[in-house]
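Values below: all heavy atoms of this structure, side chains included; hydrogens, waters and symmetry mates excluded. Each residue takes its place number in the sequence, starting with 1.
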Amino acid sequence: MEKAKKKLHVRKGDTVVVISGDFKGKEGLVTKVLVSENKAIVEGLNKVKRHVKPTASNPQGSIVEKEAPIHVSKLMLKDPKSGKPTRVGRKENKEGKLVRYAKTSGEVIKNG
C-alpha cells in the first residue's frame with residue numbers, strides 16, 4: 001500500500017505572514033517546503049548562525065547566517081485581495097481541477 005502524499009496549505013513561492021513566535025506579524029516568501037517535517041523556510045525570517053569548519057578553499061572558517069525552517073502552523077497565507085492573513089480552502093474549478101482559495105475573500109490563489 002502506497003503512503004498518501006501530505007498536503008500543506010503553503011507552497012514554494014507563496015507569500016506568508018507569521019502568526020506567532022519571535023517573528024509575529026512579519027511576512028516573506030516561502031523558498032522551500034519540508035513536507036515530511038511540516039516546516040517551511042521563509043526568505044529573510046528565522047535567521048540562525050552556523051559555524052563553518054576551515055577547509056582548503058576557506059582556511060579561516062567562518063560564521064554563516066542562514067534561514068531556519070518555521071513550522072507551518074505558525075504561517076498563514078497572505079490574501080491576494082486584502083493583503084491580510086487568511087485560511088486556505090480547496091475547491092474544484094471549472095476544469096474539475098482542485099485549486100486553493102482564500103477563505104476570507106474567496107479569491108483563487110495562484111500557484112507560486
Quiz item: Are Phe23 and Val33 in one and the same hydrophobic cluster, where Ile, Leu, Val, Met, Phe, Trp and Tyr link if side-chain heavy atoms are under 4.5 Å apart?
Solution: yes

Quiz item: Can you name the nearest heavy-atom pair linking Leu29 to Gly13, along with the distance?
Solution: CD1-O, 3.4 Å

Exercise. Enter the distance from Lys39:NZ to Leu34:CG here, rounded to the nearest 0.5 Å.
Key: 8.5 Å

Quiz item: Looking at NZ of Lys84 and CG of Asp79, how far apart are the two atoms once the value is rounded to the nearest 0.5 Å?
Solution: 9.5 Å

Quiz prompt | Sequence-distant partners of Thr55, side chain to side chain contact (heavy atoms under 4.5 Å, CB included), two or more places apart | solution = Ser57, Asn58

Exercise. Could you tell me whether the side chain of Val30 reaches within less than 4.5 Å of the side chain of Arg11, counting heavy atoms only?
Key: no

Quiz item: With a cut-off of 6.0 Å (strictly less than), are more than 12 heavy atoms of other residues, nucleotides or ligands near NZ of Lys47?
Solution: yes

Quiz prompt | Within one Ile-Leu-Val-Met-Phe-Trp-Tyr cluster: Ile41 and Met76, side-chain cutoff 4.5 Å | solution = no

Quiz prompt | Atom of Pro80, atom of Glu107 and distance for their closest heavy-atom approach | solution = CG-CG, 3.7 Å

Practice problem: Report yes if some heavy atom in the side chain of Ile109 is under 4.5 Å from a heavy atom in the side chain of Val88; otherwise report no. | Solution: yes

Exercise. Could you go through the side chain to side chain contact (heavy atoms under 4.5 Å, CB included) check for His71 and Asn38 one step at a time?
Key: CA-CA 6 Å; His71 200 274; Asn38 282 340; 3.7 Å; yes

Exercise. Group every Ile, Leu, Val, Met, Phe, Trp and Tyr by side-chain heavy-atom contacts under 4.5 Å, then state whether Leu45 and Leu77 land in the same group.
Key: yes

Self-check item: Short N-O contact, Lys78 and Glu27, less than 4.0 angstrom
Solution: yes

Quiz item: Around Gln60, counting heavy atoms of other residues, nucleotides and ligands shown, do more than 12 lie under 6.0 Å from its CD?
Solution: no

Self-check item: Side chains of Ile63 and Val52 in contact at under 4.5 Å (non-hydrogen atoms)
Solution: no

Practice problem: Mark yes or no for whether His9, through its side chain, and Leu75, through its backbone, hold a donor-acceptor pair below 3.5 Å. | Solution: yes

Exercise. Give, for atom CD1 of Ile70 and atom CG of Asn46, the distance between the pair rounded to the nearest 0.5 Å.
Key: 4.5 Å

Practice problem: Could you tell me whether Arg100 and Asp14 make a salt bridge, using a distance below 4.0 angstrom between a side-chain N and a carboxylate O? | Solution: yes

Exercise. Flag yes if Ile19 and Val10 sit in one hydrophobic cluster, no otherwise; membership is Ile, Leu, Val, Met, Phe, Trp, Tyr, and two members link when side-chain heavy atoms are under 4.5 Å apart.
Key: no

Exercise. Would you mind reporting whether Val16 and Val42 have side-chain heavy atoms less than 4.5 Å apart?
Key: yes

Practice problem: Please check if the side chain of Glu65 supplies one atom and the backbone of Lys49 the other of a donor-acceptor pair under 3.5 Å. | Solution: no

Quiz item: Only one of Arg87, Lys91, Arg90 clears side-chain contact (heavy atoms from CB on, under 4.5 Å) with Tyr101; which?
Solution: Lys91

